[in-house]
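This one's a predicted model, so the numbers in the text were calculated from it and none came from an experiment. The analysis underlying the following values was restricted to heavy atoms, covering all of them including side chains, and did not include hydrogens, waters or symmetry mates.
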Amino acid sequence: MPPEISPSCEQLALRARKNYEEQFETAPQALSRAPGRLEILGNHTDYNNGYILSIALELSVVIAAGQEETSPRRLGAWSSTFNERIDAGLEEPAPLAGSWINYPLGVLRELERSGIRLPSINLSIESSLPTGAGVSSSAALELATAEAAYGMLGGRPGDPMEEARLCRRAENDFVGVPCGILDQFSSLFGKRDHFLFLDCGTLEYDRLSLPDSGLAIVIADSRVKHALIDGQYARLRAHCANATRRLGELLDRPVPSLRDVGLEEFLECRDEVEEEDRKRAEHVIRENSRVLSGVEALRRKDIVRLGELMLESHSSSRELFGNSCDELDFLVETASGLPGFIGGKLSGGGFGGATVNLVEEDSAGEFQERLASRWNSRFAAPLRTLQTKIGDGAQLL
């Protein structure tokens with residue numbers, strides 16, 4: 001399969017407007033965009049109050065939106081990705097089992113809870129993001145919904161982080177995925193050609209400029225479905241919570257989260273922690289150190305060191321955290337031997353989805369072709385790859 005060429009934001013906006021007019025027989029009142037994200041370092045550190053290093057993508061969700069007064073109030077939403085229109089009630093919204101509509105519906109519920117009175121809302125949704133690939137198309141849909149609603153209805157919070165928190169609550173409490181704030185933060189705070197650093201304990205953040213303009217981001221989609229809502233994510237989170245409690249007992253001091261445990265003191269008592277809990281905790285504690293090392297590498301303009309840390313992170317996900325799979329391991333191992341490769345790892349929840357690869361831009365085409373060829377030889381199936389760049393965060397267009 002040749003490298004995929006994704007539609008531009010302008011093309012998505014035109015499609016969203018056209019489909020809105022066809023579906024709802026009027027012109028939209030707002031256009032919004034929110035990007036996907038890739039985690040560079042910081043796998044499963046966010047809900048442990050740790051550190052993350054991420055990027056927003058040029059690939060994004062674009063929404064054309066409008067409002068109308070109907071009774072009872074409802075959400076009407078069209079998605080070209082799923083070729084489906086769904087209408088859902090806004091009076092007492094409830095999740096629809098396994099449906100994409102839950103992401104915008106959950107955001108609208110949280111907006112009303114924040115004090116914004118909602119009329120009936122119509123959405124036409126376009127996306128250049130692969131679903132289920134670990135690039136957080138769900139958070140992009142949430143942030144694009146929030147941006148469109150704020151654009152039409154006002155009420156935008158003074159603290160932008162509250163918008164990220166609101167969308168996280170929608171995913172935690174309405175959709176049912178116990179994620180941290182990595183995805184929503186990255187989609188909202190992204191900046192073109194900048195990496196994002198976030199301290200999830202304090203919510204202090206920084207933007208670090210790209211050391212080399214000749215860098216491409218290549219996503220390799222394993223197409224292995226990673227359904228995080230089925231309990232795998234929650235089990236890993238439970239292991240981290242168990243380890244946190246046990247370490248507090250062993251260290252005889254309060255341990256609010258794994259970010260509060262140093263590596264040396266962990267190593268001194270790790271043998272007294274249950275094996276599965278110990279392995280998950282060791283990954284998180286070492287991953288936090290890798291994020292801080294990655295930040296320092298970026299400040300030194302050392303992209304090679306950042307790539308090395310990404311490979312170390314993937315090995316830790318595979319050996320300690322247990323959220324990789326054969327397909328992701330094959331992609332990382334194969335990519336690491338190809339020309340132009342700088343660094344790569346699984347991205348996001350794991351258990352499937354995609355790998356993120358930092359590649360020299362001049363070699364990106366050959367890199368994708370050779371990676372796809374070797375994948376096809378191993379799995380007798382085409383590999384989907386997408387080349388993109390670091391983009392801006394969510395916005396009203």
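Residue D159 qualifies as enclosed at atom CG: its count of foreign heavy atoms under 6.0 Å is above 12. No more than 12 heavy atoms of other residues, nucleotides or ligands sit less than 6.0 Å from atom NZ of K18.
Between R253 and E265 there is a side-chain heavy-atom pair separated by less than 4.5 Å. Using a 4.5 Å heavy-atom cutoff, the side chains of R192 and I390 are not in contact. Side-chain contact between D193 and S209 is absent, with no heavy-atom pair separated by less than 4.5 Å. When side chains are defined from C-beta on, L59 counts as touching L386, because their heavy atoms get closer than 4.5 Å. The shortest side-chain heavy-atom distance between I63 and S124 does not fall under the 4.5 Å cut-off. L383 places none of its side-chain heavy atoms less than 4.5 Å from the side chain of N376. Residues V359 and L215 fail the side-chain proximity criterion, which asks for heavy atoms closer than 4.5 Å. Using a 4.5 Å heavy-atom threshold, the side chains of L105 and E110 count as separate.
None of V284, V255, N49 except one satisfies the side-chain contact (heavy atoms from CB on, under 4.5 Å) rule with T244; the exception is V255.
At distances below 3.5 Å, at least one donor-acceptor pair connects side-chain atoms of D260 with backbone N or O atoms of S257. Listed for the D302 side chain is no donor-acceptor partner under 3.5 Å among the backbone atoms of L298. In this structure, D183 contributes its side chain and A139 its backbone to no donor-acceptor pair below 3.5 Å. Formation of a donor-acceptor pair under 3.5 Å by the R207 side chain with backbone atoms of K191 is not found in this model. Under the 3.5 Å distance criterion, the side-chain polar atoms of N323 are matched with a main-chain donor or acceptor of G349.
Sorted by first then second residue, the ring-ring contact (aromatic ring centres under 6.0 Å, His included) pairs that include residues 257-291, not counting sequence neighbours, are H283-F321. For residues 152-185, the ring-ring contact (aromatic ring centres under 6.0 Å, His included) pairs, not counting sequence neighbours, are F185-F189, F185-Y205.
The shortest non-hydrogen separation linking L108 to A149 is CD2-CB, 4.4 Å.
Salt bridge status for R286 with E282: present, with a side-chain N to carboxylate O gap under 4.0 Å. Remark: K279 does not engage E319 in a salt bridge, criterion side-chain N to carboxylate O under 4.0 Å. Residues R33 and D392 are not paired through a salt bridge, judged by the lack of any N-O separation under 4.0 Å between the basic side chain and the carboxylate. Contact check on E274 versus R246 returns no salt bridge, with no Lys/Arg side-chain nitrogen under 4.0 Å from an Asp/Glu carboxylate oxygen. Comment: R305 engages E308 in a salt bridge, judged by a side-chain N to carboxylate O separation of less than 4.0 angstrom.
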Note to self: The test is salt bridge (charged side-chain N to carboxylate O under 4.0 Å, His left out); show your working for R259 and D199 and say whether it passes.
What the structure shows: CA-CA 10 Å; R259 71 88 56 75; D199 180 333; 3.0 Å; yes
Next item on the list: Please step through salt bridge (charged side-chain N to carboxylate O under 4.0 Å, His left out) for the pair R156 and E163, ending with a clear verdict.
Entry: CA-CA 8 Å; R156 185 183 298 275; E163 184 176 351; 3.5 Å; yes
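Listed by chain and number, the residues in a side chain to side chain contact (heavy atoms under 4.5 Å, CB included) with S8 are E10, Q11 (sequence neighbours excluded). Residues forming a salt bridge (charged side-chain N to carboxylate O under 4.0 Å, His left out) with E142 (at least two apart in sequence, or on another chain): none.
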Side-chain donor/acceptor pairs under 3.5 Å, residues 89-96, sequence neighbours excluded:
from : atom 1 : to  : atom 2 : distance (Å)
E91  : OE1    : R73 : NH2    : 3.3
E91  : OE2    : R73 : N      : 3.0
E91  : OE2    : R73 : NE     : 3.3

Counting only pairs under 3.5 Å, give me each side-chain donor-acceptor contact of residues 325-335, with atom names and distances, residues two or more places apart or in other chains.
from : atom 1 : to   : atom 2 : distance (Å)
D329 : OD1    : H314 : NE2    : 2.8
D329 : OD1    : S324 : OG     : 2.6
T334 : OG1    : F330 : O      : 2.8

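Between the side chains of W78 and E22, not a single donor N or O lies within less than 3.5 Å of an accepting N or O. Between the side chains of N242 and R245, at least one donor N or O sits under 3.5 Å from an acceptor N or O. In this structure, a donor-acceptor pair under 3.5 Å is present between the side chains of E171 and Q184. Side-chain N/O atoms of R15 and N19 include no donor and acceptor closer than 3.5 Å. Inspection of the N122 and R74 side chains reveals an N or O donor paired with an N or O acceptor under 3.5 Å. Between the side chains of E147 and S32, no donor-acceptor pair of N or O atoms lies under 3.5 Å. Looking only at atom types and distance, the side chain of S316 has a donor-acceptor partner in the side chain of R290 under 3.5 Å away. Residues S313 and E287 have side chains that bring a donor and an acceptor to within less than 3.5 angstrom of each other.
Note that the CZ atom of R165 and the CG atom of N172 stand 13.0 Å from one another [nearest 0.5 Å].
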